[in-house]
Undergrad: 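Below you'll find the structure I mean.
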Amino acid sequence: MKISETDVEYVAKLANLEVHESEKKELAQQLSRIVEHVEKLNTLDVAAVPPTYQVVSNTKLAIREDRVQPRTGSSEAGKTVKLFKVPKVITER
Amino acid sequence: MNLKNITADKLVSLYANRDLSVTEVINSVFDEIDRSDGNIHAFITLCRERALEEARRTDSRIAAEEPLSELTGVPVAIKDNMNLRDVPTTCGSKMLANYVPPYTATAVERLRSAGAIIIGKTNMDEFAMGSSTENSSFFATRNPHDLERVPGGSSGGSAASVAAGMSLIALGSDTGGSIRQPASFCGVVGMKPTYGRVSRYGLVAYASSLDQIGPFTKSVRECAQVLETMCGFDHYDSTSADTPVDSFVKVLDQPMKDVRIGIPREYFIAGMDPEVKANVENAIRRYETMGCRIEEIRLPHTEHAVATYYLIATAEASSNLARYDGVRYGLREGGTGGLGEMYRKTRMTGFGKEVKRRILLGTYALSAGYYDAYYLKAMKVRTLILQDFQKAFEKVNIILTPTTPTPAFRIGEKTADPLSMYLSDIFTITCNLSGLPGISVPCGKTSANLPVGLQLIANHFQESLLLQVAHNFEKAGGFGNVSS
């Protein structure tokens, strides 16, 4: 499928990215070429194939006890002053 | 002193015999960096003062006859996407140029506990997205074997630092080949362990279901040692494997028994460099004379690996990189027009071209109406690729391929065409999609004196066998870069 400049604008908005007017055409072309390549996957019949999200299953953290553990770093995180301070979110109409 | 010719195990024995001091070695590492890095550009940040201070402390411990650890006083460089407390982690990006982490990555901490001294942070493609280290926001790294060529990527700085003797060992991360491909281009050993073997805590995430940390070294023995030190369960990483870690070093010199090597027909493609092919075929013959059984195998879904990878990796990246919004990390731009404007301005200024391209592709693949057609389909093809390997491992226990279809390419050769850059990862990404351990070892050079890499792949958690088979190859012919 061809990616248009409008698609680029729409996806950029979803991703919170600003794309320069001058970049749009090139990006649309490059992404079209990549999408064309990945569409080769359509030649495969995968209707009955389950998806693989993770390859290694012998992890044990999903069932660990939910207890507070001491951890390095968390008390240090506030050192940089501007950290976590954001512009006003709610503005007057 | 030339560190190009010395391995970590040899260095530690020289310390033990008091033939060398750690301070001397660390000083000579920085001398070498001062001499060579102006041409190669492997390092983003150097930890000179800190490393020399650690060297002096290590020397006094050696003088007090404290026992040496396996990596005592060994100079190690780490890719700049791994945290070392109080030293910037830039990820090769303007976005994190001033980010200083308050903690150290588990893998790095384990090496430090074994005595290693971190000398600096190495250059990389921005957020590990690239195959040439040309996508760094700061500068491109050059291949020590030919300064007009790329060192590979995304861990190009780490590979180049070991190849040039500016570090003894380096750490990289491998999401689609980012350790093995630069190892191949720079003529060193590089390994990606089984997914879950090495903790990802403190590694900046690119594609979480594919990322693994691994070493660059000059010999397989050092690679085994570094892995043995880093591997093992970590409760800070929810995907950390709870699997016992054998002594990888101990089994290296045991005789190879019942090694059946599979050669996948799909990895010897048209368009492959003939000299790469010839060197890899020589390697196959070398294994044959060592008594290994060679069998042709099929991995029929290989041709779909690049497409599958670029959907999964970019989808995961678009989600992982959403956190760089000007609030919590590094750069902040445009704070006056409200929160939304700050997000967009920060991300527009902070991210480079390739990162934006991949975020857009990943967002597209995950967006409403396209999820099933792209992302879910890729996850299903991932199953087929994994099943190919499972079938192959019923017949053989090692798979042998070239690491890359060509030797190191020229700087600028592939930057205009992202797809051609993506296709240079064609032989390495299947390991990431299927979580398998893979190692690249040098197997010769082209007539232009460029290194060629041989990739060996084993089943999940079979690192011992993989390292043993790689070590036997080195013993039978040498890599030509270590005088042992």
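Letters go in sequence order (proteins before strands), and every chain restarts at 1. Computed from a predicted structure; not experimentally measured.
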Undergrad: Sort A368(B) into side chain, backbone, both or neither according to what part of it lies under 4.5 angstrom from a heavy atom of chain A.
TA: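 Looking at A368(B), nothing touches chain A.
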Undergrad: So for L386(B), is it side chain, backbone, both, or neither that comes closer than 4.5 Å to the heavy atoms of chain A?
TA: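 Only the side chain of L386(B) comes within 4.5 Å of chain A.
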Undergrad: Is any side-chain heavy atom of L361(B) less than 4.5 Å from a side-chain heavy atom of V35(A)?
TA: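 Yes, at least one pair of side-chain atoms sits under 4.5 Å.
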Undergrad: Measuring heavy-atom distances to chain A, does T346(B) have an atom under 4.5 Å in its side chain, in its backbone, in both, or in neither?
TA: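 When you check distances to chain A, no heavy atom of T346(B) falls under 4.5 Å.
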Undergrad: Can you confirm whether L17(A) sits close enough to L360(B) that some side-chain heavy atom of one is under 4.5 Å from a side-chain heavy atom of the other?
TA: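 They are in contact (side-chain heavy atoms under 4.5 Å apart), so the answer is yes.
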Undergrad: Where on Y374(B) is there a heavy atom nearer than 4.5 Å to chain A: the side chain, the backbone, both, or neither?
TA: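 The side chain, not the backbone.
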Undergrad: Which residue pairs pass the salt bridge (charged side-chain N to carboxylate O under 4.0 Å, His left out) test with at least one member in residues 356-376 of chain B, sequence neighbours excluded?
TA: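 Every salt bridge (charged side-chain N to carboxylate O under 4.0 Å, His left out) pair that includes a residue of residues 356-376 of chain B, provided the two are not neighbours, is E354(B)-R357(B), E354(B)-R358(B).
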Undergrad: Give me the atom names and distance for the closest heavy-atom approach of A378(B) to L41(A).
TA: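 In terms of heavy atoms, the two residues are closest at CA-CD1, 4.3 Å.
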Undergrad: V49(A) and K380(B): which non-hydrogen atoms are nearest, and at how many Å?
TA: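 In terms of heavy atoms, the two residues are closest at O-CE, 3.2 Å.
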Undergrad: Is it the side chain or the backbone of L423(B) that comes within 4.5 Å of chain A heavy atoms, both, or neither?
TA: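 Side chain only.
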Undergrad: Starting at OG1 of T308(B), measure out to CG of L44(A) and round the result to the nearest 0.5 Å.
TA: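 Between T308(B) OG1 and L44(A) CG, I get 8.0 Å after rounding to 0.5 Å.
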Undergrad: Considering only heavy atoms, which portion of E18(A) lies under 4.5 Å from any heavy atom of chain B: side chain, backbone, both, or neither?
TA: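 Interface part for E18(A): both.
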Undergrad: Which heavy atom of R382(B) sits nearest to which heavy atom of T52(A), and what is that distance?
TA: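 The answer is CD-O, 3.4 Å.
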Undergrad: Where the side chain of R33(A) meets the backbone of D417(B), is there a donor-acceptor pair that is under 3.5 Å apart?
TA: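 It does not hold such a pair.
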Undergrad: Can a donor-acceptor pair be found, under 3.5 Å and without considering hydrogens, that links the side chain of T383(B) to the backbone of P50(A)?
TA: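 Checked: pair present.
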Undergrad: For the residue pair Q30(A) and K353(B), establish whether any side-chain heavy-atom pair is separated by less than 4.5 Å.
TA: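 Answer no - side chains too far apart.
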Undergrad: Taking side chain as everything from C-beta outward and backbone as N, CA, C, O, which of these in L27(A) sits under 4.5 Å from a heavy atom of chain B? Side chain, backbone, both or neither.
TA: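 The side chain, not the backbone.
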Undergrad: Would you give the length of the straight line joining atom CG of L384(B) to atom CG of D45(A), rounded to the nearest 0.5 angstrom?
TA: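 The CG atom of D45(A) is 9.5 Å from CG of L384(B), to the nearest 0.5 Å.
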Undergrad: Tell me, for D7(A) versus chain B, whether the close heavy atoms (under 4.5 Å) come from the side chain, the backbone, both or neither.
TA: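 When you check distances to chain B, no heavy atom of D7(A) falls under 4.5 Å.
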Undergrad: Quick check for you: among S367(B), S434(B), A322(B), which has the greatest number of heavy-atom pairs under 4.5 Å with chain A?
TA: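 Counting heavy-atom pairs under 4.5 Å, the top option is S434(B).
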Undergrad: At a 4.5 Å cut-off on heavy atoms, which part of S209(B) comes close to chain A: side chain, backbone, both, or neither?
TA: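 Both parts, backbone and side chain.
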Undergrad: If you count the non-hydrogen atoms of other residues, nucleotides and ligands that lie under 6.0 Å from NZ in K94(B), is the total more than 12?
TA: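 Count not over threshold, so no.
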Undergrad: Could you tell me which portion of A48(A) (side chain, backbone, both or neither) has an atom closer than 4.5 angstrom to a non-hydrogen atom of chain B?
TA: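 Looking at A48(A), nothing touches chain B.
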Undergrad: For each of Q54(A), H20(A), E23(A), tally heavy-atom pairs with chain B at distances under 4.5 Å, and name the one with the top tally.
TA: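 Going by pairs under 4.5 Å, I would pick Q54(A).
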Undergrad: Go through the atoms of Y370(B) and report whether side chain, backbone, both or neither lie under 4.5 Å from a heavy atom of chain A.
TA: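 Just its side chain gets close to chain A.
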Undergrad: List the residues meeting ring pair (Phe, Tyr, Trp, His ring centres under 6.0 Å) with Y10(A), not counting sequence neighbours, and say none if there are none.
TA: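 In terms of ring pair (Phe, Tyr, Trp, His ring centres under 6.0 Å), with neighbours along the sequence ignored, Y10(A) is linked to no residue.
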Undergrad: Measure distances from L433(B) to the heavy atoms of chain A and classify the residue's part below 4.5 Å as side chain, backbone, both or neither.
TA: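 Backbone of L433(B) only, per the 4.5 Å heavy-atom cut-off to chain A.
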Undergrad: Between Y364(B), F351(B), Y310(B), which has the largest tally of heavy atom pairs under 4.5 Å with chain A?
TA: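 The option with the most such pairs is Y364(B).
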Undergrad: Which heavy atom of V55(A) sits nearest a heavy atom of G435(B), and at what distance?
TA: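 Closest approach of V55(A) to G435(B), heavy atoms only: CG2-CA, 3.6 Å.
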Undergrad: Side chains of N42(A) and K377(B): does their closest heavy-atom pair fall under 4.5 Å?
TA: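 They are in side-chain contact.
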Undergrad: I'd like to check K13(A) versus R344(B) (side-chain heavy atoms, cut-off strictly below 4.5 Å). Are they in contact?
TA: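 They are not in side-chain contact.
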